[in-house]
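The structure appears below as structure tokens.
Side chains are part of it too, since the values below use all heavy atoms of this structure and drop only hydrogens, waters and symmetry mates. Just so it is clear: chains get the letters A, B, ... in the order the sequence lines come, proteins before strands, and each one is counted from 1. Given the structure is predicted, the values throughout are model-derived calculations rather than measurements.
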Protein chains: 2
Amino acid sequence: MSVRDQPVKEHRRTRQRAAVDEVLDDTTDFISAQDLHAALRARGAGVGLATVYRTLQTLADDGKVDVLRSDGGEAVYRRCVREEHHHHLVCRSCGATVEIAGPTVERWASSVAEKHGFVDVSHTLEIFGTCPRCAQA
Amino acid sequence: MSVRDQPVKEHRRTRQRAAVDEVLDDTTDFISAQDLHAALRARGAGVGLATVYRTLQTLADDGKVDVLRSDGGEAVYRRCVREEHHHHLVCRSCGATVEIAGPTVERWASSVAEKHGFVDVSHTLEIFGTCPRCAQA
DNA sequence: ATCAAGAGTGACAACCATTGTCAAAACACC
DNA sequence: GGTGTTTTGACAATGGTTGTCACTCTTGAT
């Protein structure tokens with residue numbers, strides 16, 4: 001679908017990357033680079049802020065994490081469960097996330113694009129709302 | 001669908017807002033606040049940068065312009081033709097934009113959200129690709 | 001037309017997420 | 001262990017966006 005299907009360059013294993021990985025594993029919701037940095041510091045495994053950004057960027061490039069922009073324009077990251085293309089249903093209040101697959105939407109998107117002569121098509125689709133737990137307030 | 005269906009508070013007519021409006025009318029593609037500010041300055045109608053931001057924010061709140069985030073996280077704005085909810089097909093290369101309506105997707109999104117107990121649901125959906133004109137390169 | 005009240009403006013400072021820099025430290029492999 | 005390259009981290013720099021606040025302009029009433 002997209003053009004980024006290169007073999008994914010190999011990276012070195014370092015304490016810092018392992019630490020980032022660990023936090024990512026323990027976090028089911030989207031987290032910002034800043035928050036991730038704070039989380040690392042909190043659990044004693046301090047990692048430089050710049051390194052956190054670089055690591056997340058690398059992971060994103062390799063398709064290992066999902067990235068999306070919060071309302072404030074901040075980039076937020078999350079380890080994806082499915083490797084394939086999918087979307088998210090995100091709670092505006094607590095950040096809880098459900099991964100969604102929508103084959104119909106995929107087809108619709110490409111057909112619409114095709115109809116207008118667009119090629120090399122990709123798309124973004126996120127659904128926001130208030131989750132059941134946050135709703136009882 | 002969303003909660004922002006208030007009667008849209010009235011605003012005063014000022015030279016600055018008229019100028020912003022004019023540029024927006026002359027621009028068919030998405031434009032950033034910074035670029036809009038430059039465009040205003042270029043056509044002699046200088047407007048403060050802060051004012052540009054405030055004006056765009058106001059227009060966005062009133063649903064008079066569409067807002068979306070560029071890849072770099074910059075907010076870009078565009079006068080919408082349709083007042084109702086809709087999506088965009090955007091050329092990655094030249095920025096050309098086609099407005100899209102997708103009733104099916106709308107229904108699908110709300111049903112998915114509902115199925116998971118989410119309420120007060122909204123969503124974002126943008127399709128990116130290379131337009132016919134840019135494709136012949 | 002005049003006026004008072006409050007919305008709107010602008011120059012600039014402040015914010016804050018993100019990126020650049022570069023010497024020092026860590027990894028992989030011989 | 002030695003060596004060449006990658007990675008790191010502290011800090012500076014960048015750049016979009018928002019906050020501040022005195023001043024100006026629009027508006028509706030008089």
Starting at atom [atom1] of [X], determine the distance to atom [atom2] of [N], rounded to an integer number of angstrom.
X	N	atom1	atom2	value
B/L56	C/dG8	CG	C1'	15 Å
B/R54	D/dT18	CZ	C1'	9 Å
A/F30	C/dA17	CZ	C1'	18 Å
B/E10	C/dG8	CD	C1'	15 Å
A/H37	C/dA17	NE2	C1'	13 Å
A/R15	C/dA28	CZ	C1'	19 Å
A/L40	D/dT8	CG	P	12 Å

Could you tell me which residues satisfy salt bridge (charged side-chain N to carboxylate O under 4.0 Å, His left out) with B/R43, sequence neighbours excluded, listed by chain and number?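 Salt bridge (charged side-chain N to carboxylate O under 4.0 Å, His left out) check on B/R43 returns B/E22, B/D26.
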Closest-nucleotide 5' rank along DNA chain C - winner of B/A50 and A/L49: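 Comparing both residues, the 5'-ward one is B/A50.
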Tell me whether the side-chain N/O atoms of [X] come closer than 4.0 Å to OP1 or OP2 in [N].
X	N	value
A/Y53	C/dT18	yes
A/R13	C/dA28	yes
A/H11	D/dT6	no
B/Q16	D/dT24	no
A/R41	D/dG9	no
B/T51	C/dG8	no
A/R17	D/dT8	yes

Side chain of [X], heavy atoms from C-beta onward: which of [options] has the nearest atom to it?
X	options	result
B/A33	C/dA28, D/dC25, D/dT17	D/dT17
B/T14	C/dA17, D/dT7, C/dG8	C/dG8
B/R69	D/dT17, C/dA26, D/dC11	D/dT17
A/R12	C/dA5, C/dT9, D/dG4	D/dG4
B/V47	C/dT18, C/dG10, D/dT7	C/dG10
A/Q57	D/dG9, C/dG8, C/dT19	C/dT19

Evaluation steps, salt bridge (charged side-chain N to carboxylate O under 4.0 Å, His left out), between A/R78 and A/D29: CA-CA 6 Å; A/R78 177 172 190 268; A/D29 302 334; 5.3 Å; no
Assert yes or no for the condition that the ring centre distance of A/H123 to B/H88 is strictly below 6.0 Å.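 So the answer is no for these two rings.
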Give B/Q34 one of three labels, base, sugar-phosphate or nothing, depending on what nucleic acid heavy atoms sit under 4.0 Å from its own.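 Answer is base: heavy atoms of B/Q34 come under 4.0 Å of a base.
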To the nearest 0.5 Å, what is the distance between CG (A/L68) and OG1 (A/T97)?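 Interatomic distance, A/L68 CG to A/T97 OG1, rounded to 0.5 Å: 8.0 Å.
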Within a reach of under 6.0 Å around CZ of B/R15, are more than 12 heavy atoms found that belong to other residues, nucleotides or ligands?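 Buried by this count: over 12 neighbours within 6.0 Å.
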Between B/E74 and A/G46, which has a closest nucleotide on DNA chain D that is more 5'?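 Of the two residues, A/G46 wins.
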Note: B/R79-B/D66 ion pair, threshold 4.0 Å (strictly below):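 Judged by the 4.0 Å cut-off on N to carboxylate O distance, B/R79 and B/D66 do not form a salt bridge.
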